[in-house]
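Below, each value reflects all heavy atoms present in this structure, side chains not excepted, and no hydrogens, waters or symmetry copies. Residues take their numbers from the sequence shown, with the count starting at 1.
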Amino acid sequence: GAAAAFTLSDLRVRRVLRESARDKIVFLHAEKIGLSGEGTDAVVILEKTPFQEEKIPDLLKKPMNAELQMHNDIYCTFYLSPPPELSEIKATVVYPATEKHIQKYLRQEVHLIRETWEDYKNITLPFIQSQSFSIQWVYNILEKKAEADRIVHENPDPSNGFVLVPDLKWNQNQV
């Protein structure tokens, strides 16, 4: 697809849409500059990958820069610079990205609203339907145009069939 037509170094960061220190993830509004000099929007999601249990012993044994930040009684904090194979970052790219994609990843205010069935039917549902994204990616999987190598299981039954594909958020290493 379009994402294969470039590398991450082809993208220029325009702004940070949202970040979470707790979740160790950042959402970026980027653009790819074409030959004509015009930019095409992209969303880049960068997240630290989870620790893999089998690699944890290597984390403390392999040579790395360990800078002491704080020491107080029995507590101390170090900043570590582990080798690349122990400090991966997963990058997910949405390209080309629409304004809806960019808005999806912006910081959002959170509100709690109580609604009746009538409110849902007359207000919420029409709003959800008006904001929906294209589901072409689903058809691409079903028609084996994309992600065919990621299919875990497929039941071709015409009425109860399904295709099981790993979620993009799973690194496919940790069970």
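Applying the 6.0 Å contact sphere to CD of E38 captures no more than 12 heavy atoms from other residues, nucleotides or ligands.
Atom CD1 of residue I102 and atom CG of residue L28 lie 11.5 Å apart, to the nearest 0.5 angstrom. I25 CD1 to K48 NZ: the interatomic distance, rounded to the nearest 0.5 Å, is 12.5 Å. Atom-to-atom distance recorded for K32:NZ and Y95:OH is 4.5 Å, nearest 0.5 angstrom. Here OG1 of T124 is found 7.5 Å from CD1 of I113. Values are rounded to the nearest 0.5 Å. Between H101 atom NE2 and L17 atom CG the span is 12.5 Å, to the nearest 0.5 Å. Considering CD1 of I141 and CD of E154, their distance stands at 11.0 Å, rounded to 0.5 Å.
There is a path of hydrophobic side-chain contacts, each under 4.5 Å, that joins I151 to W137. Taken together through direct or relayed side-chain contacts under 4.5 Å among Ile, Leu, Val, Met, Phe, Trp and Tyr, L68 and L80 form part of one hydrophobic cluster. I45 and I89 fall into different hydrophobic clusters, where Ile, Leu, Val, Met, Phe, Trp and Tyr residues are linked whenever their side-chain heavy atoms come under 4.5 Å apart, directly or through other members. Both V165 and Y139 sit in one connected hydrophobic cluster of ILVMFWY residues. Membership requires side-chain heavy atoms under 4.5 Å apart, directly or through other members. Linking Ile, Leu, Val, Met, Phe, Trp and Tyr whenever their side-chain heavy atoms come within less than 4.5 Å leaves V44 and L106 in two separate clusters.
Within the 4.5 Å cutoff, no side-chain heavy atoms of V43 are placed close to those of V93.
Checked against salt bridge (charged side-chain N to carboxylate O under 4.0 Å, His left out), E19 has no partners two or more places apart in sequence or in another chain. Under the rule for a ring pair (Phe, Tyr, Trp, His ring centres under 6.0 Å), the partners of Y120 that lie at least two apart in sequence or sit in another chain are W117.
Ion pairing between a basic and an acidic side chain is recognised when a charged N comes within 4.0 Å of a carboxylate O; R14 and D41 show such pairing.
Remark: side-chain polar atoms of R15 are not paired, donor with acceptor, to backbone N or O of H29 under 3.5 angstrom. With hydrogens and angles disregarded, no donor-acceptor distance shorter than 3.5 Å links the side chain of T77 to the backbone of Q69. Between the side chain of N160 and the backbone N or O of D157 there is no donor-acceptor pair closer than 3.5 Å. At distances below 3.5 Å, not a single donor-acceptor pair connects side-chain atoms of E47 with backbone N or O atoms of D23.
A cation-pi arrangement is present between R18 and F27, with the terminal nitrogen or guanidinium carbon under 6.0 Å from the aromatic centre and inside a 45° cone about the axis.
Ring centroids of F162 and H153 are separated by less than 6.0 Å, placing the two rings close together.
Across all non-hydrogen atoms, the minimal contact from H71 to C76 is CD2-CB, 3.7 Å.
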